[in-house]
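Below: the structure, in structure tokens.
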Amino acid sequence: MYRYDHCDQAMVDARVAEFRDQCQRRLDGRLSEDQFKPLRLMNGLYLQLHAYMLRVAIPYGTLSGAQMHILADIADRYDRGYAHFTTRQNVQYNWIRLEDAGDILADLASREMHAIQTSGNCIRNISSDHFAGAAADEVCDPRPYAELLRQWSSFHPEFSYLPRKFKIAVIASPTDRAAMKLHDIGINLVRNNEGELGAAFYVGGGMGRTPMIAPLIREFVPLDQLITYAEACLRVYNRHGRRDNKFKARIKILIHELGADEYRRQVEAEFEHLLAQDIEPPFAELERLREFFGDPGFEDLAEAELDRSDPEFALWADRNTHPHKQPGYVSAIVSLKPVGGIPGDATSAQMRLMADLATQYSFDECRVMHTQNIVLPHVRKADLHALWSRLDEAGLATPNLDQIDDIIACPGLDYCSLANARSIPVAQKISQRFAANGKGDTLGELKLKISGCINACGHHHAGHIGILGVDRKGVENYQLLLGGSEADDTSLAKITGPGFDEDGIVDAVETATDVYLANRADGERFLDTYRRIGMAPFKEALYG
Amino acid sequence: MIILTGNDLASGAVTWWAGSEWSRDVADAVDVGEEADAIAAREEAARRVNVPYAIKAEIGPDGTVRPAHIKDRIRGLGPTVRPDLTLKPGDANAVHEVI
Ligand code: SF4
């Protein structure tokens, strides 16, 4: 894992002192709310429905046991004993007091963490594949490159006031586990025909009000030009992005209006100019970063079969583990989606347990998935049953990865001041419905995603089944969408028709799954069947 | 009726103008009529509230104040998915009533 050097620590400590002073000046009246708001947002502090909310950055979703422990301590010390893991691999606290904000940031800094650039029109937390460094199919570990981008983008003076927020994801596998093409920049590390590593740049994707899949802007950027090319992409956006209209300010709109070819032409021209300026960090820095992400000390193990005599364990192992590049190891997924629970929420006790299990079984490392679960990336198969037993006791072993009850749900109208409708109760009712009727187990992979408003933090555009909460004359209403994907077969879901009330949307989801079950061919997932038979049979069943 | 709401500056807690001070309980909210802007400006300047704003409300069948929009009713109670963290943790009907 990456460890701060004295520069990182000094930067973060300085920011803690600065923000502590800003909070004090707000509390004693030297700053008005208008003056203070942009300052608190730069430090991830929002004012939400019930209190201040603090969003903490988790770079590329990677946490040590000690970091997870301090997150649990913060939940107890300053919040109400729990935290919420988000779809951008971050964590949020819902009940923060302004008086405590400085102390919280100091606690975070003591474990090499912060909340910088988790809000505002800047480059946000860099996200990545939650199986990075463990996946059998990756061409390299993407995290050294994500870390390089993190360092480049932190306090970047030119990109601190972009037209709008800017999100970057970095992956290094043909399988996209980070919704890469639905980011402002998606970087896929690849090998060219000569076997050299480089980066494919997809630019201009996103969800929100106007969802778009990022077009490929450059197939191969040599690694020693990675930052220079990213800088060129950002510069063209910063120059031409719409600042006059918030709803048209994201880079996806610029690229849509310019056309991918013209955007590419301008980026290439800027890239040529920047190459002459020699802005790329020394390659030695990248080499230094790579050392932090090396082999954590895997044992030479023979590939072993699991003891499957316990059927509950066998089911969990089948669903909630992922193949590892190292023989004898797997990645294990800790589910934060118990039936009827709140997707992504974890109590402080659960967080401490995950921290301890990461230390004991996974080389002191865990990862936040954008699907709001937690990965222990490097678990010996021989330890898997013991790990499962501990998770099961704590309600963290629901065997539901990528099943219909592994629902992404944003905080919605229960917490979020921008929401139109509640997301969480809909998720709870759906998971309870499919647990009670037994259909959940028959459906296979089915990704269901719920957003409480058009901002799409719950990725509803990318759900095999998506749900969008809308406000219909002050009453919650829910639109149903079908056919989205955020994997390597990225597609945008389409709305089925008129919306439903809270109970009606649960029925509608069940109806859609019934259509799938009645039509599926051998081996087809819900998404495959939808793509083959189209929207019509679903509409017919839903609306008659 | 028109009532005034905002958040406590230091704690962020939801507050309601109760006539002479701010209350955590929406049931204490009073009709501010035409005075909303003046009260909001005075109270914000004194840092007794943060980002106050006026909303429509009505008196419900049980005689209590009910904000017109569901968002403010949820603000008044707390998250419907965590009844234990609402202002009425012991009241099984409280969540149902705000929806
Ligand atoms: S999608 Fe909307 S309601 Fe949900 S968290 Fe984002 S802004 Fe809030």
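Convention: sequence-line order gives letters A, B, ...; per-chain numbering from 1.
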Step through the atoms of chain A and chain B and list each donor-acceptor pair whose separation is under 3.5 Å.
residue: A:Arg26; atom: NH2; partner: B:Asn50; partner atom: OD1; Å: 3.0
residue: A:Leu27; atom: O; partner: B:Arg47; partner atom: NE; Å: 2.9
residue: A:Glu33; atom: OE1; partner: B:Asn50; partner atom: ND2; Å: 3.3
residue: A:Tyr52; atom: OH; partner: B:Leu9; partner atom: O; Å: 2.7
residue: A:Tyr52; atom: OH; partner: B:Asn50; partner atom: ND2; Å: 3.4
residue: A:Leu98; atom: N; partner: B:Ala10; partner atom: O; Å: 2.8
residue: A:Asp414; atom: OD1; partner: B:Thr80; partner atom: N; Å: 2.7
residue: A:Asp414; atom: OD1; partner: B:Thr80; partner atom: OG1; Å: 2.6
residue: A:Asp414; atom: OD2; partner: B:Thr80; partner atom: OG1; Å: 3.4
residue: A:Ser417; atom: O; partner: B:Lys71; partner atom: NZ; Å: 2.6
residue: A:Ala419; atom: O; partner: B:Lys71; partner atom: NZ; Å: 3.3
residue: A:Arg422; atom: NH1; partner: B:Thr80; partner atom: OG1; Å: 3.1
residue: A:Asp471; atom: OD2; partner: B:His69; partner atom: NE2; Å: 2.9

task = Against chain A, label B:Ile99 side chain, backbone, both or neither, depending on which of its atoms sit under 4.5 Å from a heavy atom there.
result = side chain

ask   = Which one of B:Ala10, B:Ala13, B:Gly12 has the most heavy-atom pairs closer than 4.5 Å to chain A?
value = B:Ala10

query = Given a strict heavy-atom distance threshold of 4.5 Å, which part of A:Ala419 is in contact with chain B: side chain, backbone, both, or neither?
reply = backbone

task = Can you tell which part of A:Leu413 gets under 4.5 Å to a heavy atom of chain B, answering side chain, backbone, both or neither?
result = both

ask   = By a 4.5 Å heavy-atom criterion (distance strictly below it), what part of B:Val14 contacts chain A: side chain, backbone, both, or neither?
value = both

task = Select all residues of residues 403-410 of chain A having any heavy atom within less than 4.5 Å of some heavy atom of chain B, and report them by number, or 'none'.
result = none

query = Is it the backbone or the side chain of A:Leu49 that comes under 4.5 Å from a heavy atom of chain B, or both, or neither?
reply = both

